[in-house]
Amino acid sequence: MHSLFYHVSFRSCVRTATLATKPGPSVSPPLCPPRFPMCLGDTCTASLEPHGSPPPPHIAMCRFHFGHYVSVTCADACSWAGGRDPHPGKSRGSPQLEGEAAKYPAIKALMRPDPRLKWTVLGLVLAQLLACWLVRGLAWRWLLFWAYAFGGCVNHSLTLAIHDISHNAAFGTGRAARNRWLAVFANLPVGVPYAASFKKYHVDHHRYLGGDGLDVDVPTRLEGWLFCTPARKLLWLALQPLFYSLRPLCVHPKAVTRMEVLNALVQLAADAAIFALWGLKPVVYLLASTLLGLGLHPISGHFVAEHYMFLKGHETYSYYGPLNWITFNVGYHVEHHDFPSIPGCNLPLVRKIAPEYYDHLPQHHSWVKVLWDFVLEDSLGPYARVKRVCKLAEERL
């Protein structure tokens, strides 16, 4: 392995880090030279101090083995150079994606609501209600088994339905209220209010991908420092639902919205009704389904697979395997960030229509392998993310 050694400045700390140039585990190497991220703003400085001569521009936002971010400061939001913008959800868009859409007008036709989404959500919610009735008399060990094996899959799928609905995929942008209430309905088996808060923060994930203090999908410095060994990383994966819930309160707290209050009231009423009808075990089953299904579970590999830096210079990855069938095609993640307004059911068509934009990119082949590599590889951990300092845009939720 060929390595380059740099002193990395992160605020008050100066540490030595090793930059790996070989492809990371569990991803296919690209068929063409990797596209390196760098800033296109008028004012751009990287907190990277090399030995001797200045580093090349592409070093600015790469993953480092000893677990330290390299932060790029821009006058405006950062962009890719020599490739597509990794977060084109900004209002100005990117020339590459505009060119892709112009070259293939059929892509624009995919930006329409998914008429089947609401019926899929209804089926999943009814399936969990039936499961609540069935687990009333189960022994606790079997209740937890089915919560992991069945309920975890259903509840995780529902959270990804909520993700799709947060992009107005069910009824279109002209009927935002219907989308929000469908998300609240999909939230019912999850056991805790989630849908309204998710939408509020997910907007920032697309607008400021990797933005310091803005994108709450990026782990905190404490997480990166603490969960740095295989055993600790395994614990971090198991407790991922808790970190995803608490991190926004620490990183980017926002005022509670009216929709969040309504979401919480509806959820509490549903939990109380299930408890009154069938007792404690169904409520525990739903909560365990969420905690186990979003924790150390095969489907949870997508949390790590999407944006963790497995390969230098690549920030977002897709997965095209069979688990997309039960996750609303969330594995098509590069395609999703390119065109957030296209519902999950149509994302495979984006790749089919414009294969030259996606087939050469590195991709994951197994979410289980992603979790395995994340735990065992020293080069991976909560710190293996691209992080930016971006100008805060006007709030528009």
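Heads up: numbering here begins at 1 and tracks the sequence.
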### Query
Taking His167 for the side chain and Ala169 for the main chain, is one N or O donor matched with an acceptor at less than 3.5 Å?
no
### Task
Kindly give the heavy-atom pair with the smallest separation between Ala161 and Val121, and that separation in Å.
CB-CG2, 3.9 Å
#### Entry: Point-to-point distance, once rounded to the nearest 0.5 Å, from CG of Leu371 to CG of Leu234
9.5 Å
### Task
Go through the side-chain N and O atoms of His307 and His205 and say whether any donor and acceptor fall under 3.5 Å apart.
yes
### Query
Got a donor-acceptor contact below 3.5 angstrom from the Lys200 side chain to the Val256 backbone?
no
Which pairs of donor and acceptor atoms, one on a side chain in residues 105-119, lie under 3.5 Å apart (sequence neighbours left out)?
| from | atom 1 | to | atom 2 | distance (Å) |
| --- | --- | --- | --- | --- |
| Arg112 | NH1 | Ala109 | O | 2.6 |
| Asp114 | OD1 | Arg116 | N | 3.0 |
| Lys118 | NZ | Pro115 | O | 3.1 |

### Message
For Lys254, is there an ion pair with Asp204 - N to carboxylate O distance below 4.0 angstrom?
### Response
yes
### Query
With respect to Pro219, which candidate in Tyr244, Phe243, Tyr308 satisfies the side-chain contact (heavy atoms from CB on, under 4.5 Å) definition?
Tyr308
#### Entry: Note, Pro362 side chain near Tyr317 side chain (heavy atom, < 4.5 Å)
yes
### Message
Looking only at side-chain N and O atoms, does Asn263 offer a donor or acceptor that is under 3.5 Å from a partner on Gln267?
### Response
no
### Task
Taking all heavy atoms of Val368 and all of Pro298, pick out the closest pair and write down the distance.
CG2-CB, 3.9 Å
## Note on the structure
Checking Phe303, Trp236, Phe227 against Phe374 for ring-ring contact (aromatic ring centres under 6.0 Å, His included), the one that qualifies is Trp236
### Query
Do the side chains of Asn187 and Leu158 get nearer than 4.5 Å, heavy atoms only?
no
### Query
Does Asn324 reach the main-chain N or O of Gly331 with its side chain, forming a donor-acceptor pair under 3.5 Å?
yes
### Query
Looking at Thr327 and Leu323, what are the two nearest heavy atoms and their distance?
OG1-O, 2.8 Å
### Message
Quick one about Asn168 and Thr173 (side-chain donor to acceptor, distance below 3.5 Å, no hydrogens or angles considered), yes or no?
### Response
no
### Task
Decide if the gap between the ring center of His333 and the ring center of His364 is smaller than 6.0 angstrom.
no
### Message
Taking the ring centre of each residue, are His302 and His156 less than 6.0 Å apart?
### Response
yes
### Glu223 vs Thr220 side-chain heavy atoms within contact, under 4.5 Å
yes
### Query
Is it true that His365 and Tyr319 have ring centroids separated by less than 6.0 Å?
no
### Message
Take a 6.0 Å sphere around CZ of Arg175 and say whether it holds more than 12 heavy atoms from other residues, nucleotides or ligands.
### Response
no
### Message
We want to know whether Ser318 and Glu335 form a side-chain donor-acceptor pair, criterion being a heavy-atom distance below 3.5 angstrom.
### Response
yes
### Summary
Heavy-atom nearest pair, His206 first then Pro340, reads ND1-CG, 3.8 Å
### Query
Taking all non-hydrogen atoms of both residues, which atom of Leu209 and which atom of His337 are closest, and how far apart?
CD1-CE1, 4.1 Å
### Query
Any link between Leu294 and Leu242 through a network of hydrophobic side chains (Ile, Leu, Val, Met, Phe, Trp, Tyr) touching at under 4.5 Å?
no
#### Entry: Within-4.5 Å side-chain heavy-atom neighbours: Ile165 and Phe171
no
### Message
With side chain to side chain contact (heavy atoms under 4.5 Å, CB included) as the criterion, how do Leu124 and Ser157 come out once you've worked through the C-alpha distance, each side chain's angles and the decisive distance to 0.1 Å?
### Response
CA-CA 8 Å; Leu124 292 172; Ser157 184; 3.7 Å; yes
### Query
Taking C-beta and beyond as the side chain, do Phe339 and Leu347 meet within less than 4.5 Å on heavy atoms?
no
### Query
Are the aromatic ring centres of His202 and Phe198 under 6.0 angstrom apart?
yes
#### Entry: Salt-bridge criterion met for Arg351 and Asp359 (N-O under 4.0 Å)
yes
### Message
If only side-chain N and O atoms count, and only distance matters, is there a donor-acceptor pair under 3.5 Å linking Tyr285 with Gln128?
### Response
yes
### Task
For the pair Arg385 and Glu306, evaluate salt bridge (Lys or Arg N to Asp or Glu O under 4.0 Å) and give the outcome as yes or no after the intermediate values.
CA-CA 10 Å; Arg385 292 289 297 262; Glu306 290 165 0; over 6 Å; no
### Query
After noting the C-alpha distance and the side-chain angles of Leu262 and Trp181, does the key distance pass the side chain to side chain contact (heavy atoms under 4.5 Å, CB included) rule?
CA-CA 10 Å; Leu262 294 174; Trp181 281 109; 3.9 Å; yes
### Message
Does this structure show an ion pair linking Glu315 with Arg388, if we count only N-O contacts that are shorter than 4.0 Å?
### Response
yes
### Task
Output yes when Arg247 and Asp217 qualify as a salt bridge under the 4.0 Å nitrogen-oxygen rule, no when they do not.
no
#### Entry: Exam field: side chain Lys199 to backbone Ala183, donor-acceptor pair closer than 3.5 Å
no
### Task
Identify the heavy atoms of Met259 and Val184 that sit nearest to each other, and give their distance.
CE-CG2, 3.7 Å
### Query
Passes side chain to side chain contact (heavy atoms under 4.5 Å, CB included), Tyr358 versus Val350? Steps please.
CA-CA 9 Å; Tyr358 303 103; Val350 174; 3.7 Å; yes
### Task
Might you confirm whether atom CH2 of Trp278 has over 12 heavy atoms from other residues, nucleotides or ligands at distances under 6.0 Å?
yes
### Message
Is there a path of hydrophobic side-chain contacts, each under 4.5 Å between heavy atoms of I/L/V/M/F/W/Y residues, joining Tyr148 to Leu160?
### Response
no
### Query
Going by heavy atoms in the side chains, are Val266 and Leu188 under 4.5 Å from each other?
yes
### Message
Test side chain to side chain contact (heavy atoms under 4.5 Å, CB included) on Trp367 and Trp372; report intermediate values, then the result.
### Response
CA-CA 9 Å; Trp367 282 341; Trp372 178 273; over 6 Å; no
